[in-house]
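Take a look at the structure set out below.
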Amino acid sequence: LASLGELVAGIAHEINNPLSGVLIFSELVAKDKRLDPALKKDMEIISNEAQRCAGIVKGLLEFARDYQPHMAPCNINQVLIDSLRLVECQSVFQNVVILRELDNRLPVILADQNQLKQVFINIFINAGQAMQDLKRGELRINTRSDAELVGGVVVTIADSGCGVSEEQLGKLFDPFFTTKGTGGTGLGLSVSYGIIQSHGGSITVESRVGSGTAFIIRLPCCLADEEEGAGQIPADA
Ligand code: ADP
Ligand code: MG
């Protein structure tokens, strides 16, 4: 994934410069009075399509960005609640019951809140989309201390949606793997994977066709010295 990221970033960068030229000059020509009015539409198409390429390149650069997290002490429960608030009103959650099983004695961990939000939002939306055809879906969000890793936390996000086949399961975190056709980019989970890795954590998935999917995220404590013994914060802090 890392070398693919470098390759993508390199290509996107290289394409950006000539693309800027195409964009600028097509707009100049479009505005030039000497342009035959019959050609105006064609120039517009060139401009719009170049603009579209610029959008794709921007997306690729975002994907390939170096995920250097800005770490700060954070309350994972609060990050989950904030992320959920941003998506729960979307129509895909209309028939979904959301269960919050948040351990209010979780240790404080060092993490980049914005990046974690991005991960949780990606997973929530995927879950909603997997359940959107159900009469009643269930999204379960569970947090607990990591029994194997002192100070670490485990977040489980489980849905009762369509699930994925054994064959697809191995490809879920691959960049550009999507089953949503033009409705998906296939970047959500690969970006999430990169973010969790840069936090020193892990993300795994379990799924069964027809019964649901669960993402399990483990994050180490990595408490800074001055934060040591900072104590526990309640889920609703
Ligand atoms: P996208 O959502 O753009 O397709 P993602 O990287 O977020 O890209 O997800 C990749 C693929 O993984 C999805 O297209 C879907 O097939 C599968 N997937 C992800 N989450 C779930 C889920 N909760 N239930 C079923 N399939 C899922
Ligand atoms: Mg997605």
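Whatever order the structure lists ligands and atoms in, that order sets their numbers, starting from 1. Counting from 1, the numbers follow the sequence of the chain as shown.
Salt-bridge annotation for Glu138 and Arg140: absent, with no side-chain N of the basic residue lying under 4.0 Å from a carboxylate O of the acidic one. No salt bridge links Lys31 with Glu44; every basic N to acidic carboxylate O contact stays at or beyond 4.0 Å. One finds a salt bridge joining Arg218 and Asp146 here, because a Lys/Arg side-chain nitrogen approaches an Asp/Glu carboxylate oxygen to under 4.0 Å. Under the 4.0 Å criterion applied to side-chain N and carboxylate O atoms, Lys171 and Asp174 are not assigned as salt-bridge partners.
Remark: the backbone N or O of Gln118 is paired with a side-chain donor or acceptor of Asn122 at under 3.5 angstrom. With Thr143 contributing its side chain and Asn77 its backbone, the two residues share no donor-acceptor pair below 3.5 Å.
Of all protein atoms, those that are N, O or S and lie under 2.8 Å from the Mg ion (ligand 2) total 1.
Between Phe173 and Phe215, the two ring planes are perpendicular [angle over 60°; tilted spans 30° to 60°].
Under the 4.5 angstrom side-chain criterion for Ile, Leu, Val, Met, Phe, Trp and Tyr, the cluster partners of Ile216 are Val154. Leu28 shares a hydrophobic cluster with Ile24, Phe25; the chain of contacts runs through ILVMFWY side chains whose heavy atoms sit under 4.5 Å apart.
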Would you mind writing out a table of all protein N or O atoms found under 3.5 Å from any N or O atom of ligand 1, naming both atoms and giving the distance to 0.1 Å?
{"unit_1": "ligand 1", "atom_1": "2 (O)", "unit_2": "Asn126", "atom_2": "OD1", "d": "3.0"}
{"unit_1": "ligand 1", "atom_1": "2 (O)", "unit_2": "Lys180", "atom_2": "NZ", "d": "2.7"}
{"unit_1": "ligand 1", "atom_1": "3 (O)", "unit_2": "Thr185", "atom_2": "N", "d": "2.8"}
{"unit_1": "ligand 1", "atom_1": "3 (O)", "unit_2": "Gly186", "atom_2": "N", "d": "3.0"}
{"unit_1": "ligand 1", "atom_1": "4 (O)", "unit_2": "Thr178", "atom_2": "OG1", "d": "2.5"}
{"unit_1": "ligand 1", "atom_1": "6 (O)", "unit_2": "Gly188", "atom_2": "N", "d": "3.4"}
{"unit_1": "ligand 1", "atom_1": "6 (O)", "unit_2": "Leu189", "atom_2": "N", "d": "2.8"}
{"unit_1": "ligand 1", "atom_1": "7 (O)", "unit_2": "Asn126", "atom_2": "OD1", "d": "3.2"}
{"unit_1": "ligand 1", "atom_1": "7 (O)", "unit_2": "Asn126", "atom_2": "ND2", "d": "2.8"}
{"unit_1": "ligand 1", "atom_1": "8 (O)", "unit_2": "Gly186", "atom_2": "N", "d": "3.4"}
{"unit_1": "ligand 1", "atom_1": "14 (O)", "unit_2": "Thr178", "atom_2": "OG1", "d": "3.3"}
{"unit_1": "ligand 1", "atom_1": "14 (O)", "unit_2": "Thr179", "atom_2": "N", "d": "2.9"}
{"unit_1": "ligand 1", "atom_1": "14 (O)", "unit_2": "Thr179", "atom_2": "OG1", "d": "3.3"}
{"unit_1": "ligand 1", "atom_1": "16 (O)", "unit_2": "Thr179", "atom_2": "OG1", "d": "2.4"}
{"unit_1": "ligand 1", "atom_1": "23 (N)", "unit_2": "Asp159", "atom_2": "OD2", "d": "2.8"}
{"unit_1": "ligand 1", "atom_1": "24 (N)", "unit_2": "Thr213", "atom_2": "OG1", "d": "3.4"}

